[in-house]
Amino acid sequence: MINRVPTFILALLLLFSCRKADVIVPPEEKPVAPGGEGNEITGFYLLNEGNMGSNKATIDYFDYESGIYSKNIFAERNPGVVKELGDVGNDIQIYGNKLYVVVNCSHFVEVMDSKTAKHIATIPIPNCRYIEFEGRYAYVTSYAGPVEIDPNARLGYVAKVDTATLEVVAECTVGYQPEDMVICNGKLYVANSGGYRVPDYDNRVFVIDLESFQVVKTMEVGINLHRMVQDAYGNIYISSRGDYYGTPSKTFIIDSNRDIVTDTLHTLPNSNMVAGGDSLYVLGNEFNYTTNSYTISYAIYDMVQKRIVSRNFISDGTEKKIKTPYGLAVNPQTREIFVTDAGDYVTPGVLYCFDRYGKLKWTAVTGDIPAHFAFTESKVDLDS
């Protein structure tokens, strides 16, 4: 949806720009943070996963000042990179002046300049999944083995990467098919899915002491663990995808001060989640093989009161247009809510932007399987 942009401006943009771009928000309508303060977030990168085996992972960028949404910027900024970004983009983060993209089935982490999206280096890590940072180091989860269902799949590990040299300096073995991580109190918490060993899923969270880079504890939580988010009070929220049959998806809470599971949220199915202040926004898109159907929900969980305060953070009925809700993000300053629609997983998706009250502001067509966000406070120059 393009908001009140004169036709001649669109024509000029199409004529003079070699990048596929849409004007989404006219400059005079650029977002303002709650309370009337200016928005220090200048824009965000959106990583499109691309269908497995298609080598179609791409990056889009939205600029708040101009309101321009630019598609597939990596290929344009890096014409000399063979095979472009790679096969299945699984995570994207900004740390320091670098932009990191974890490319799962291409078995590397792509490192770029965060202000230009130009290639700096690739870090080879087999079957890599998610990335976190602390001090000088990045930590990357790895399935370790090949991309295939295998009841004898090997244990995964966490790779420790020196962000100065961009080299792997250590590895720590964890559970089967490790996924997301959080860092809290000097410890790295790793969720393990065991997804390649279906139906024998893993159910453990491994706790790694960062100083020694050794596992100091394991906790049994729930099967097929995936995403992790921490709040400001030492609690870690973990999603369990269940087994897609009789064991449903749910959300667990770990107290990182005691390293114990304190809560099991049986009525909070969780495919994706993100924190916005003291609110946990939880997207549920739960598939069940028995009924051959999806159950979709858009919940808000109050992390202070520890209760569900909404079952639908979309307030204007737009959720009826979203076929396959997939990616989720919240602007940490404006509290705008972003939901992506992966559609049929093989054609371009759609990005929906809602205000903090859940009302639709704008939409944009994305790459295939839009999924992961990285907000930036730096001015991004895609023309240099």
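Sequence positions, counted from 1, serve as the residue numbers for this chain. Given the structure is predicted, the values throughout are model-derived calculations rather than measurements.
- Just one residue in the list Asn152, Asp150, Asn127 forms a side-chain hydrogen bond (donor to acceptor under 3.5 Å, both in side chains) with Tyr196, and that residue is Asn127.
- Taking a 4.5 Å side-chain heavy-atom cut-off between Ile, Leu, Val, Met, Phe, Trp and Tyr, the cluster of Val261 extends to Val182, Tyr189, Val205, Val207, Val216, Met219, Val221, Leu225, Met228, Ile236, Ile238, Phe252, Ile254.
- Of the possible polar contacts, none joining the Asn270 side chain to the Lys250 backbone as a donor-acceptor pair under 3.5 Å is found.
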Which is it for Phe338 and Phe354 under the ring pair (Phe, Tyr, Trp, His ring centres under 6.0 Å) test, yes or no, and what are the steps along the way? CA-CA 6 Å; Phe338 296 90; Phe354 300 90; 8.9 Å; no
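- When all heavy atoms are compared, the tightest approach of Ser271 to Asn285 is OG-N, 2.7 Å.
- Residue pairs meeting the side-chain hydrogen bond (donor to acceptor under 3.5 Å, both in side chains) criterion with at least one member in residues 155-176, sequence neighbours excluded: Arg136-Asp162.
- Using a 4.0 Å cut-off between charged nitrogen and carboxylate oxygen, Lys187 and Asp259 count as a salt-bridge pair.
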List the steps, then state whether ring pair (Phe, Tyr, Trp, His ring centres under 6.0 Å) holds for Phe213 with Tyr139. CA-CA 11 Å; Phe213 202 50; Tyr139 300 91; 5.8 Å; yes
Let's go through Ser240 and Tyr201 carefully: what are the C-alpha distance in whole Å and the side-chain angles of both, what is the deciding distance for side chain to side chain contact (heavy atoms under 4.5 Å, CB included) to 0.1 Å, and is it a yes or a no? CA-CA 11 Å; Ser240 164; Tyr201 293 103; over 6 Å; no
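- Alongside Val304, the hydrophobic cluster contains Tyr233 (criterion: ILVMFWY side chains under 4.5 Å).
- In terms of the side-chain hydrogen bond (donor to acceptor under 3.5 Å, both in side chains) criterion, residue partners of Asp63 (sequence neighbours excluded) are, by chain and number, Ser66.
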List the steps, then state whether ring pair (Phe, Tyr, Trp, His ring centres under 6.0 Å) holds for Phe287 with Tyr244. CA-CA 6 Å; Phe287 182 74; Tyr244 312 106; 7.5 Å; no
Apply salt bridge (charged side-chain N to carboxylate O under 4.0 Å, His left out) to the pair Lys71 and Asp22, showing each step before the final yes or no. CA-CA 9 Å; Lys71 305 170 190 174; Asp22 295 323; 3.1 Å; yes
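- Sorted by first and then second residue, the side-chain hydrogen bond (donor to acceptor under 3.5 Å, both in side chains) pairs involving residues 306-315 (not counting sequence neighbours) are Asp263-Lys306, Thr267-Arg311, Gln305-Arg307, Asn312-Glu319.
- Asp180 has a carboxylate O that lies under 4.0 Å from a charged side-chain N of Arg227, or vice versa, which qualifies the two as a salt bridge.
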Could you go through the salt bridge (charged side-chain N to carboxylate O under 4.0 Å, His left out) check for Lys56 and Asp368 one step at a time? CA-CA 7 Å; Lys56 288 178 66 177; Asp368 296 357; 2.8 Å; yes
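- Annotation for Glu148: atom CD counts as buried by contact number, over 12 foreign heavy atoms lying within 6.0 Å.
- Under the side-chain hydrogen bond (donor to acceptor under 3.5 Å, both in side chains) test applied with Tyr130, the options Gln93, His226, Glu179 reduce to a single match, His226.
- Clustering ILVMFWY residues whenever any of their side-chain heavy atoms sit less than 4.5 angstrom apart, transitively, puts Tyr45 in the very cluster that holds Val81.
- Residues Val190 and Val229 fall into different hydrophobic clusters, defined by Ile, Leu, Val, Met, Phe, Trp and Tyr side chains chained together at heavy-atom separations under 4.5 Å.
- Taking 4.0 Å as the cut-off between side-chain N and carboxylate O, Lys379 and Glu65 count as a salt-bridged pair.
- The shortest non-hydrogen separation linking Ala144 to Gly156 is CB-CA, 4.1 Å.
- Checked for salt-bridge contact, Lys361 and Asp355 miss the test: no charged N lies under 4.0 Å from a carboxylate O.
- For Ser378, the side chain to side chain contact (heavy atoms under 4.5 Å, CB included) test picks out Lys115, Thr376, with sequence neighbours left out.
- The hydrophobic clustering, which links ILVMFWY residues whose side-chain heavy atoms are closer than 4.5 Å, places Phe133 and Ile94 apart.
- Under the 4.5 Å side-chain heavy-atom criterion for Ile, Leu, Val, Met, Phe, Trp and Tyr, Met303 and Leu265 are members of the same hydrophobic cluster.
- The neighbour count for Lys321 NZ, taken as heavy atoms of other residues, nucleotides or ligands under 6.0 Å away, does not exceed 12.
- Using a 4.5 Å cut-off between side-chain heavy atoms of Ile, Leu, Val, Met, Phe, Trp and Tyr, with links allowed through other members, Val346 and Leu351 fall into different hydrophobic clusters.
- Between Phe108 and Ile123, every side-chain heavy-atom pair lies at or beyond the 4.5 Å cut-off.
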Going through the distances and angles, do Trp362 and Phe62 end up as a ring pair (Phe, Tyr, Trp, His ring centres under 6.0 Å)? CA-CA 12 Å; Trp362 51 266; Phe62 176 68; 4.7 Å; yes
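- Using a 4.5 Å cut-off on side-chain heavy atoms (C-beta onward), Val109 and Val140 make contact.
- Of all heavy-atom pairs between Leu268 and Thr251, the closest is O-OG1, 2.8 Å.
- The 12-atom threshold is exceeded at OH of Tyr345, counting heavy atoms of other residues, nucleotides or ligands nearer than 6.0 Å.
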